[in-house]
Amino acid sequence: MIHTLHVETKLVSEELCALLRQVDPAVFVFRDEPEVRARVERVASRLRELVVAAERDEAGGRVERLRERLRALLAAVERATPTRTPSPKAAWIAFQREVQPAYESLLLTLRGVVAAPPSVRPTNHVRSLWHVGSGLAVLGLVQLLPERGWLVAVSGAFAVSAWSMEIARRLSDRVNERLMRVFKHVAHPHERYRVNSSTWYVTALLLLALFGTQLSQSLGVVVLAVADPAAALIGRRFGRTRLLDNRSLEGTLAFFVAGALSSLVVMGALGPPASLSSRLFLAAVAGLAGAVTELFSSRLDDNFTIPVAVAAAVTVAGAG
């Protein structure tokens with residue numbers, strides 16, 4: 001019975017995952033609203049059935065946690081479903097913001113029992129700008145700090161601070177809520193329950209500072225800063241050919257092009273003297289390494305894997 005209930009919940013959560021992606025501000029259009037409302041009704045109906053089934057089951061442990069999170073998700077869906085409004089796009093964006101934290105909480109209960117659907121990362125232009133801005137700031141540090149020891153010290157300080165906050169918010173729900181409010185404009189909802197992407201990013205920066213060359217560090221940072229938001233923008237708006245973990249061929253190609261072009265610009269402006277053919281080759285290696293790593297980064301955060309993989313690839317390819 002426990003296994004059956006989790007499997008049925010997984011099927012509903014897959015439908016909800018598709019719904020949350022459909023109302024993402026980057027892709028939602030008014031003509032889709034009747035379909036969206038019908039999907040909401042299906043999800044709400046199935047959630048009610050699951051809540052009833054969970055309440056009949058007297059088992060404790062996992063079923064008790066699942067029961068609580070099903071109730072919370074159903075309440076969020078019913079509360080957030082918009083009435084007829086002159087601004088449907090804004091209303092459905094609000095629906096996404098309201099429902100997604102409860103969806104992410106449900107995924108925590110499913111993981112380890114069944115193969116849960118993925119977290120949903122809604123379009124967040126503020127986060128994208130933060131992504132680019134922080135990457136360019138780090139690029140400036142890599143170029144301007146006088147020696148490796150300085151970069152290790154700075155990135156190490158950021159890493160210690162980030163992991164200290166991670167520990168604190170795991171020990172205290174109040175701290176977690178406060179930090180999520182502070183970073184609400186740049187944090188994804190799923191980061192309430194998982195290690196923040198920024199924490200993984202500063203951890204990667206520490207590894208690059210310890211083991212990377214100035215050029216490999218610069219390329220690892222700029223590829224993540226520029227190509228990752230470009231892939232998200234193109235993939236959400238134009239992605240049609242699905243690859244892995246809902247990533248699209250169009251988004252992956254956008255990552256490669258943006259990563260290669262940004263690497264070429266950095267090498268031309270800040271890198272050591274080299275022939276054009278050498279720069280083109282390293283730029284292609286950086287873009288390809290980042291695109292492939294992003295495509296396969298389902299278990300580890302790509303804010304960690306991309307800069308590390310790009311730096312390693314260009315080092316093997318001959319970056320000094």
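The figures that follow rest on heavy atoms only: side chains count, while hydrogens, waters and symmetry mates do not.
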Taking all non-hydrogen atoms of both residues, which atom of Ala284 and which atom of Phe256 are closest, and how far apart?
O-CE1, 3.5 Å
Shortest non-hydrogen contact from Ala91 to Pro82?
CB-CB, 3.6 Å
Passes side-chain contact (heavy atoms from CB on, under 4.5 Å), Phe304 versus Leu207? Steps please.
CA-CA 10 Å; Phe304 175 82; Leu207 289 178; 3.7 Å; yes
Are Ile306 and Trp200 co-members of a hydrophobic cluster defined by side-chain heavy atoms under 4.5 Å apart?
no
Using the test ring pair (Phe, Tyr, Trp, His ring centres under 6.0 Å), find all partners of Phe158 that sit at least two apart in sequence or belong to another chain.
none
Quick check against the 3.5 Å criterion: does Glu250 have a side-chain atom that pairs as donor or acceptor with the backbone of Ile234?
no
Of all heavy-atom pairs between His6 and Leu110, which one has the smallest distance, and what is that distance?
O-CD2, 3.8 Å
Nearest 0.5 Å, what's the CG-CG distance between Leu151 and Leu208?
8.5 Å
Could you please spell out the steps behind the side-chain contact (heavy atoms from CB on, under 4.5 Å) verdict for Phe95 and Val40?
CA-CA 10 Å; Phe95 172 88; Val40 170; 4.1 Å; yes
Is there a donor-acceptor pair closer than 3.5 Å between any side-chain N or O of Glu98 and the backbone N or O of Val77?
no
Can you confirm whether more than 12 heavy atoms, excluding those of Trp150, are under 6.0 Å from its CH2 atom?
no
Looking at every heavy atom in both Gln96 and Leu20, which two are closest together, and how far apart are they?
NE2-O, 3.1 Å
Let me check something: do Val43 and Leu106 share a hydrophobic cluster, defined by ILVMFWY side-chain heavy atoms less than 4.5 Å apart, either directly or through other members?
yes
Any side-chain to backbone donor/acceptor pair from Ser172 onto Arg169? Under 3.5 Å, distance only.
no
What are the two closest non-hydrogen atoms of Gly290 and Val223, and how far apart are they?
CA-CG1, 4.4 Å
When rounded to the nearest 0.5 angstrom, what distance separates CG in Leu70 from CG in Leu5?
6.5 Å
Over 12 non-hydrogen atoms of neighbours within 6.0 angstrom of CZ in Arg48
yes
Among Arg21, Arg39, Lys10, exactly one meets salt bridge (Lys or Arg N to Asp or Glu O under 4.0 Å) together with Glu15. Which residue is that?
Arg39
Whether over 12 other heavy atoms sit under 6.0 Å from Arg178 CZ:
no
May I ask whether Leu206 and Val160 are part of the same hydrophobic cluster, defined by side-chain heavy atoms of I, L, V, M, F, W, Y residues being less than 4.5 angstrom apart, directly or through others?
no
Can a donor-acceptor pair be found, under 3.5 Å and without considering hydrogens, that links the side chain of Glu166 to the backbone of Asn196?
yes
State whether the side chain of Ser45 and the backbone N or O of Glu41 hold a donor-acceptor pair below 3.5 Å, judged by distance alone.
no
Derivation of the side-chain contact (heavy atoms from CB on, under 4.5 Å) call for Ser218 and Leu270:
CA-CA 9 Å; Ser218 299; Leu270 304 173; 5.7 Å; no
At what distance, to the nearest 0.5 angstrom, does CG of Leu107 lie from CZ of Arg69?
10.0 Å
Donor-acceptor pair, distance only, cut-off 3.5 Å: does the side chain of Ser105 make one with the backbone of Pro101?
no
Kindly work out whether a path of hydrophobic side-chain contacts (I/L/V/M/F/W/Y, heavy atoms less than 4.5 Å apart) joins Val12 to Val23.
yes
Verify side-chain contact (heavy atoms from CB on, under 4.5 Å) between Arg97 and Ile93, making sure each step is shown before the conclusion.
CA-CA 6 Å; Arg97 291 173 180 163; Ile93 291 172; 3.8 Å; yes
Are Leu141 and Val222 connected into the same hydrophobic cluster when the rule is that any two of I, L, V, M, F, W, Y join if their side-chain heavy atoms are below 4.5 Å apart?
yes
Which atoms form the tightest heavy-atom contact between Leu224 and Pro229, and what is the distance?
O-CD, 3.6 Å
Under the ring pair (Phe, Tyr, Trp, His ring centres under 6.0 Å) test, which residues partner Trp130, sequence neighbours left out?
none
How about Ser216 and Thr213: does a side-chain donor come under 3.5 Å of a side-chain acceptor?
yes
